[in-house]
There are 4 protein chains.
Amino acid sequence: MTGRPRDPAVDDAIRQATLELVADQGYRGVSMEGIAARSGVSKQAVYRRYSSKGEVILDALAAYARTRLPNPDTGDLREDLLTLLEETFAAQRGVPGALNQALAAEALQDADFARRVTETLIRSRRAAVGEILDRARSRGEVTYPDNDILIDLVFGPMWYGLVFDATKLTDAYAAELATAVTTLATSPPN
Amino acid sequence: MTGRPRDPAVDDAIRQATLELVADQGYRGVSMEGIAARSGVSKQAVYRRYSSKGEVILDALAAYARTRLPNPDTGDLREDLLTLLEETFAAQRGVPGALNQALAAEALQDADFARRVTETLIRSRRAAVGEILDRARSRGEVTYPDNDILIDLVFGPMWYGLVFDATKLTDAYAAELATAVTTLATSPPN
Amino acid sequence: MTGRPRDPAVDDAIRQATLELVADQGYRGVSMEGIAARSGVSKQAVYRRYSSKGEVILDALAAYARTRLPNPDTGDLREDLLTLLEETFAAQRGVPGALNQALAAEALQDADFARRVTETLIRSRRAAVGEILDRARSRGEVTYPDNDILIDLVFGPMWYGLVFDATKLTDAYAAELATAVTTLATSPPN
Amino acid sequence: MTGRPRDPAVDDAIRQATLELVADQGYRGVSMEGIAARSGVSKQAVYRRYSSKGEVILDALAAYARTRLPNPDTGDLREDLLTLLEETFAAQRGVPGALNQALAAEALQDADFARRVTETLIRSRRAAVGEILDRARSRGEVTYPDNDILIDLVFGPMWYGLVFDATKLTDAYAAELATAVTTLATSPPN
DNA sequence: TGCTAAACGAGACGGTACGTCAGGTCTTACT
DNA sequence: AGTAAGACCTGACGTACCGTCTCGTTTAGCA
């Protein structure tokens, strides 16, 4: 039942090759064939681990996310949001951005995959913002009743940017967005 | 000297086949090969008109957009936004939604195409919201200084939804979003 | 120094699976992978015993041949040849025929293997005919000077048939061939 | 209805590459992939013309055969047979021999293909010998009643040799075989 | 020139078979 | 009892083909 254990070096090589390919050529340049070739690994070895291109990308991205999920707690809502957005946007301007674009491209082609992504990645990112809001709410900062819509307002523009113009995601834009969301969240109830 | 004029029936057949394919099978089911086959037209005839799959989709979508760009003017900001969002979301749940998803998928794979889409489609949609805001501003309703970020907050969540879960774009969600943006736009300056 | 002895049940399972596969699906259906799978034995266990597919087949066939090498001695050349050909052809219409075809296919792809087959199988089959001829020669029946060519005329048509049309190898054909070879062998010298 | 005509240069390149591969590496070295690669042609172009490896080889061989089917007519049976056998064996020692081996290997794996080969190649080769025999028969040389078995005795040993030892097919062997078959064909009826 | 039909090179797709190798477990014989 | 050799199973691995597909281009001929 045991058999030869999977070679961790192979796992790493696949992930590494995926990162390189996405970074170099974007989603268009990524193929199962190409990943295998670049990583010096057989196609079998790739397909044994992942059933599709999307899974490879999702896993590569998850590996990133595992190491650094920002969860600032400065005691000030706007500051927290700003920190999170700046860090997140900074990442989106690099390799993780390309990975996210690839992920989105896959999700657009496969509803099932989209659901998997939501459950794997999106949920935890949303939870991070949720916690920031909840903390601020317990401090009495937040008056807006609905967390969900606030979270959509935080991430929606990011994906909008990723799809059509990733260069938009600057620190300045993070500041504007943080201000807007904070303003809304703390607006006096009518 | 001019030669045989292009057959408009061919144009229509291509557009029609594109719509059908997107409607039936989503972006994954769309290919230049398939469009030609379904429309009963040669591949050459397609490539003579469009340089890529993206262009076909963009054109098919532009044809839609030309006919119905909502620009409500009820005299009330929230009402205007709500109307626009409801109409837009309704469309996104149908064929234009699938087209937009296809468009996004293409844009994610080709930065140049993304720019073209921005200039062709996105700009005019944003302008529509900009006009709504400007009218409200001239009525004294809007206090928030920055139109751009408000527009991002209107459209960002829509694309976010299109990528990961199109069913999210309900009338109820339109209402929540309209409320949120209106609240922010009309929040008292500090 | 000694280690665990090889399990004879494994030997049997391999041979049995090989026979079944050849019988069911012919040479095309035979693969080392398949033999291992069908016999419920690991690939290692097969490769430990045989270095190639050809060796497996050769061994399976040798097991057959060991049990029944016809060597009729009726006191009449034609009768002897007829008996031998009928028995041989009868076998060729069954599993041993499929094995011989597989053997030929391997031999055609590997000259070394062809030589091994010649030394293992072909030589003894030829010897059997050689003895029939020698006995007839000692009775004064055979006048033709060259045994080798006579033996080629006995077996050549069989392989010709195995390659292109195994159904040809009927009793009637055995009779015609026995007659022809006998006629030649006993033809008056000029 | 017309479409672009097939490029004859592609046909030639495929045939040429096939010949080279068979000559260099034998049947084992021949693959559809390899043929395409060596000929500098796409796999599609090969599959468009031939449904299998066997068809490629059959066609390459047919092209050979078309140019030189020996049909000697010296007025003497043995002389005719000898000429035909010498020429045929000479060819078998070269590229056509390797092609014939490849053909046989395919035929052994696919009964349908074997039938096709029989109808395409084998039949005409047998007919050539049949004509020689018929001419001799009309001269009163041949007394043996059955052409078919005589033809089997001519070709059987050749295929026997091709399968297990192609070096056997020398001029000396051709002479022995010609003598044997002539002797049988002209043996006095009993 | 527009248009259809089909060929073409390129290369990804998902899969199979080859022969090898790495981790375990189990069986024998020699200490 | 302890140890070492080797059989054996499971399953991973790189290599090489398989036959199919789509892409974007090209070539011929009809309208």
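Labels below follow one simple rule: chain letters A, B, ... track the order of the sequence lines, proteins then strands, and each chain is numbered from 1.
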*Is the backbone of A:A45 close enough, under 3.5 Å, to the side chain of A:R49 for a donor and an acceptor to pair up by distance?*
yes
Whole angstrom value for the distance that separates [atom2] of [N] from [atom1] of [X]:
X: B:R28; N: F:dC21; atom1: CZ; atom2: P; answer: 16 Å
X: A:D12; N: F:dA12; atom1: CG; atom2: P; answer: 17 Å
X: D:D110; N: F:dG19; atom1: CG; atom2: P; answer: 11 Å

*asked:* Reading DNA chain F from 5' onward, which residue's closest nucleotide shows up sooner: A:D11 or C:V41?
replied: C:V41
Classify the side chain of [X] versus the base of [N] as yes if they form a donor-acceptor pair under 3.5 Å and no if they do not.
X: A:K43; N: F:dG14; result: no
X: B:Q44; N: F:dT26; result: yes
X: A:R4; N: F:dT10; result: no

Under a 4.0 Å N-O cut-off, is there an ion pair linking [X] with [Y]?
X: A:R116; Y: A:E55; result: yes
X: C:D11; Y: C:R6; result: no
X: B:K53; Y: B:D110; result: no

Starting the side chain at C-beta, find the nucleotide from [options] nearest to [X].
X: A:E33; options: F:dC13, F:dC23, E:dA12; value: E:dA12
X: D:M32; options: E:dC13, F:dC18, E:dC8; value: F:dC18
X: D:R49; options: E:dC8, F:dC9, E:dC18; value: E:dC8
X: D:A45; options: E:dT4, E:dG9, F:dG24; value: E:dG9

*Taking for each residue the nucleotide of DNA chain E with the nearest heavy atom, is it C:Y47 or A:Y47 whose nucleotide lies nearer the 5' end?*
A:Y47
*Between C:S52 and C:P5, which is nearer to the 5' end of DNA chain E once each is assigned its nearest nucleotide?*
C:S52
*Reckon A:G40 touches a base, only the sugar-phosphate, or nothing at all at heavy-atom distances under 4.0 Å?*
sugar-phosphate
*Looking at every strand, decide which applies to A:G29 at a 4.0 Å heavy-atom threshold: base, sugar-phosphate, or nothing.*
nothing
Is [X] near enough to [N] that one of its side-chain N or O atoms lies under 4.0 angstrom from OP1 or OP2?
X: C:R48; N: F:dC8; value: yes
X: B:S42; N: E:dT4; value: yes
X: C:R6; N: F:dG6; value: no
X: C:S31; N: E:dC18; value: yes

_Residue of the set C:I57, C:L162, C:I122, C:T120 for which side-chain contact (heavy atoms from CB on, under 4.5 Å) holds with C:L103_ = C:I57
